Protein chains: 2
Amino acid sequence: MTATTLTVRTDKLVVAWTDGTTATFPTIWLRDNCPSGLHPDTHERLLDLLAIDETPVLISASLDGNTAVLEFADGHISRLPISLMTAHRPGQPAVDAGDVPARLWRADHGAANIARHAAAPILSGELALKNWMQDTAEFGLTIINHLQDRTDAGVEIAELIGFLRATNFGSTFEVVNKPDPNNLAYTSVALPLHTDLPNQEVPPGYQFLHCLANEATGGGSLFADGFAMAVDLRAEDPDAFRLLCDVAIPFRFHDDSADIRVHRPVITLGSKGEVIEIRYNAHLAGIFDMPAEIMPAYYRAYRAYMAKTRDSKYRLTLKLKAGEMVVFDNRRILHGRDSFDPSTGFRHLHGCYVDRGEFFSRLRLLARKIDVAIAS
Amino acid sequence: MTATTLTVRTDKLVVAWTDGTTATFPTIWLRDNCPSGLHPDTHERLLDLLAIDETPVLISASLDGNTAVLEFADGHISRLPISLMTAHRPGQPAVDAGDVPARLWRADHGAANIARHAAAPILSGELALKNWMQDTAEFGLTIINHLQDRTDAGVEIAELIGFLRATNFGSTFEVVNKPDPNNLAYTSVALPLHTDLPNQEVPPGYQFLHCLANEATGGGSLFADGFAMAVDLRAEDPDAFRLLCDVAIPFRFHDDSADIRVHRPVITLGSKGEVIEIRYNAHLAGIFDMPAEIMPAYYRAYRAYMAKTRDSKYRLTLKLKAGEMVVFDNRRILHGRDSFDPSTGFRHLHGCYVDRGEFFSRLRLLARKIDVAIAS
């Protein structure tokens with residue numbers, strides 16, 4: 001889309017586009033984003049915004065091909081690409097390959113329909129990597145299969161995206177039953193659906209659980225889409241939904257070497273009111289401390305969400321096999337497992353995390369590279 | 001403080017304390033926090049909150065020394081320590097060693113009065129470690145001196161707190177001028193006051209800059225308390241302050257290997273309306289994309305904060321010497337440097353970050369250990 005006419009007002013430029021819409025650019029925005037103000041190497045902004053007027057006076061504007069040529073009263077001339085102005089119309093945030101709408105799912109999606117991607121193509125080609133990441137971003141849950149039988153085989157795929165997110169449990173962790181556990185994951189008991197580490201300021205983003213062995217009786221994996229449960233709660237009981245968004249509750253993990261706490265709501269909304277994060281972990285919820293007046297209503301709301309985590313309507317179950325890795329958005333997808341009998345065989349998952357920041361950075365770079373390759 | 005009387009209502013317990021105040025505990029809270037519901041090893045919550053009534057009926061309550069003995073209609077008997085109830089009165093979040101009020105400062109504090117702590121005692125004793133961390137949490141800025149002349153000497157102190165926060169620049173970074181810079185820090189130009197990496201979902205918490213050499217002419221360090229500037233702006237221009245809190249702006253860093261973006265406000269407030277985070281980096285601010293109607297007012301607000309970052313009223317300047325390390329809260333304290341002349345000598349800082357989560361976890365553990373030692 002390009003511009004058809006430029007209309008000069010003293011303090012703004014009004015651009016009419018070929019699709020019949022218009023956009024208004026205050027003159028200070030035009031000066032702030034003049035390409036002359038960027039460092040040639042780092043592309044960081046060098047312009048001193050305080051060195052220009054609060055409301056620069058625009059005196060003329062003309063089109064020179066795909067560039068707007070703007071003349072200001074102080075003598076400055078800006079040459080702004082129309083493509084820049086199209087992409088950054090005020091009030092319309094730029095299109096970003098990192099904005100992947102969540103495609104919600106419930107049990108009727110079927111465990112057999114969880115997207116499966118083979119490890120080898122992902123390791124050897126950026127298109128396969130991008131396609132798998134895109135699926136993972138949309139559904140929040142995918143499975144990689146045919147991994148090599150090496151402890152690091154899953155981590156190596158995670159590291160194609162970016163560096164690992166370290167936590168107080170280390171950069172990688174072993175889900176096996178062990179003596180003196182500091183976390184229920186390290187026992188053989190059932191783990192009800194939860195998100196990991198809601199006690200962190202930002203809980204880990206994408207979680208990778210590579211199954212090295214799963215020979216014990218029991219130990220099936222459970223998953224549910226926390227966004228779908230939240231959206232359904234909003235439809236059924238808007239007051240409960242609102243309380244889960246508005247009231248921060250304490251989350252805490254502590255052992256001999258860590259005591260990590262935050263107050264955060266169970267449901268976090270984005271700027272458009274969409275659900276962008278779930279923190280749900282009955283084991284790590286601290287002692288509720290909201291005022292007594294709202295506490296009974298809060299408990300009702302919290303229990304309503306909890307009830308959904310027990311509802312088979314939302315739950316997919318599968319038994320991971322050696323050589324498979326589940327990858328899921330830990331800030332969206334709740335995960336759990338059935339109890340298992342450690343006397344019947346060995347169960348060993350090797351896990352790690354990569355945060356959302358690194359994930360979407362990689363997706364943007366891949367999209368740019370692959371889209372350029374396709375276009376050329 | 002202990003309880004004097006317990007008053008039973010069907011759906012709540014009212015506790016009168018020795019200081020004359022009372023607190024109300026809904027019965028569901030009493031059951032949710034019954035000590036019988038915790039895992040003996042991990043202290044995680046095992047109680048199934050859905051297995052109890054929405055409003056358990058309390059029938060009697062009595063004091064047994066420092067324990068409240070509560071009898072419910074379903075036959076359950078809870079023994080709740082009064083200390084637990086004192087510490088967790090609804091509406092009064094528990095006292096936490098991680099809640100350190102910020103002590104704001106301005107230029108009149110004087111660079112000479114920045115708290116200085118010697119490296120050796122911190123490395124050898126937990127009390128010195130705690131005292132230095134406490135100063136750093138309160139003022140947001142301290143200096144450690146007499147570090148050994150080794151590249152890792154500063155990192156070793158950071159790691160006494162917790163693991164390093166990795167970013168797309170690595171786990172540690174070198175502030176030296178280098179060819180083909182992807183960041184202005186890696187040049188010799190002046191860096192105006194800024195916070196690092198506001199383009200991250202959570203910008204790095206505490207920053208450690210260990211000076212290994214600073215022989216070049218120029219290259220002085222600048223610091224300002226971003227919270228103090230925000231609080232002063234709130235007093236002088238509440239509308240501008242409000243816009244900086246309410247309007248998320250784009251921040252972005254991109255090079256060949258990363259493209260990391262967020263929309264966030266410049267000022268973030270905590271639950272009590274206190275300033276808890278500043279994101280300010282003119283170089284990494286993206287192209288503003290708020291609606292054109294509020295854009296001129298936003299620019300005025302943004303420029304008002306920017307003007308404070310140039311105001312000598314807020315600025316401390318100092319020239320780091322080899323063997324000194326500045327440590328500061330990167331989400332509060334703005335830092336910068338004067339330009340330097342690389343032909344006159346070498347300037348080399350070795351840097352790393354430790355996030356707020358790890359910092360306050362360590363402070364809680366130290367406080368618990370040292371307070372126990374003092375009390376015993």
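The figures here come from the full heavy-atom set of this structure, side chains too, leaving out hydrogens, waters and symmetry mates. Everything numeric here is computed off the predicted structure, so don't read it as measured data. Naming convention: chains lettered A, B, ... in sequence-line order (proteins, then strands); numbering from 1 in each chain.
For chain B, no part of A:F25 is nearby; none of its heavy atoms comes within less than 4.5 Å. Neither the backbone nor the side chain of B:T27 has a heavy atom closer than 4.5 Å to any heavy atom of chain A. Neither the backbone nor the side chain of B:L366 comes within less than 4.5 Å of any heavy atom in chain A. B:L164 does not touch chain A: none of its heavy atoms, backbone or side chain, sits under 4.5 Å away. Only the backbone of B:A282 has a heavy atom closer than 4.5 Å to any heavy atom of chain A. Interface residue B:L284: only side-chain heavy atoms are found under 4.5 Å from chain A. Heavy atoms of A:L47 lying under 4.5 Å from chain B are absent altogether. Within the 4.5 angstrom heavy-atom criterion, only side-chain atoms of A:L365, from C-beta onward, approach chain B. Interface residue A:R303: backbone and side-chain heavy atoms are both found under 4.5 Å from chain B. Neither the backbone nor the side chain of A:S271 comes within contact range of chain B; no heavy atoms are under 4.5 Å apart. Of the atoms belonging to B:Q92, it is backbone heavy atoms, and not side-chain ones, that fall under 4.5 Å from chain A.
Summarising the geometry of B:S257 relative to A:R362, their closest heavy-atom pair is O-NH2, 4.3 Å, with the distance given to 0.1 Å. When all heavy atoms are compared, the tightest approach of A:W29 to B:Y299 is CA-OH, 3.4 Å. Closest approach of A:T24 and B:A292 over heavy atoms only: O-CB, 3.5 Å.
Chain A forms the most heavy-atom pairs under 4.5 Å with one residue out of B:H88, B:K369, B:R364, and that residue is B:R364. For chain A, the option among B:A94, B:P26, B:A23 with the highest count of heavy-atom pairs below 4.5 Å is B:P26. No other option in A:I260, A:I287, A:V202, A:D289 has as many heavy-atom pairs under 4.5 Å with chain B as A:I287. Of the residues considered (B:N199, B:D96, B:D11, B:T55), B:D96 shows the highest number of contacts with chain A, using heavy-atom pairs under 4.5 Å. Heavy-atom pairs under 4.5 Å with chain B peak, among A:M290, A:R165, A:R261, at A:R261. Chosen from A:A307, A:A97, A:A166, A:G37, the residue pairing most often with chain B at heavy-atom distances under 4.5 Å is A:A166. Counting heavy-atom pairs closer than 4.5 Å to chain A, the top residue among B:D256, B:N33, B:I294 is B:N33. Contact count against chain A (heavy-atom pairs under 4.5 Å) is highest for B:A285 among B:G357, B:A285, B:G162. The candidate with the highest count of non-hydrogen atom pairs below 4.5 Å against chain A, out of B:R356, B:Q200, B:H263, B:R310, is B:R310.
Between A:E201 and B:D355 the shortest side-chain heavy-atom distance does not fall below 4.5 Å. Side-chain atoms of B:P291 and A:P90, non-hydrogen and from C-beta on, never get closer than 4.5 Å to each other. Side-chain contact between A:D259 and B:R368 is present, with heavy atoms from C-beta onward closer than 4.5 Å.
Partners of B:V189 by side chain to side chain contact (heavy atoms under 4.5 Å, CB included), not counting sequence neighbours, listed by chain and number: B:L184, B:T187.
With rounding to the nearest 0.5 Å, the separation of OG1 in B:T167 from CD in A:E358 is 8.5 Å.
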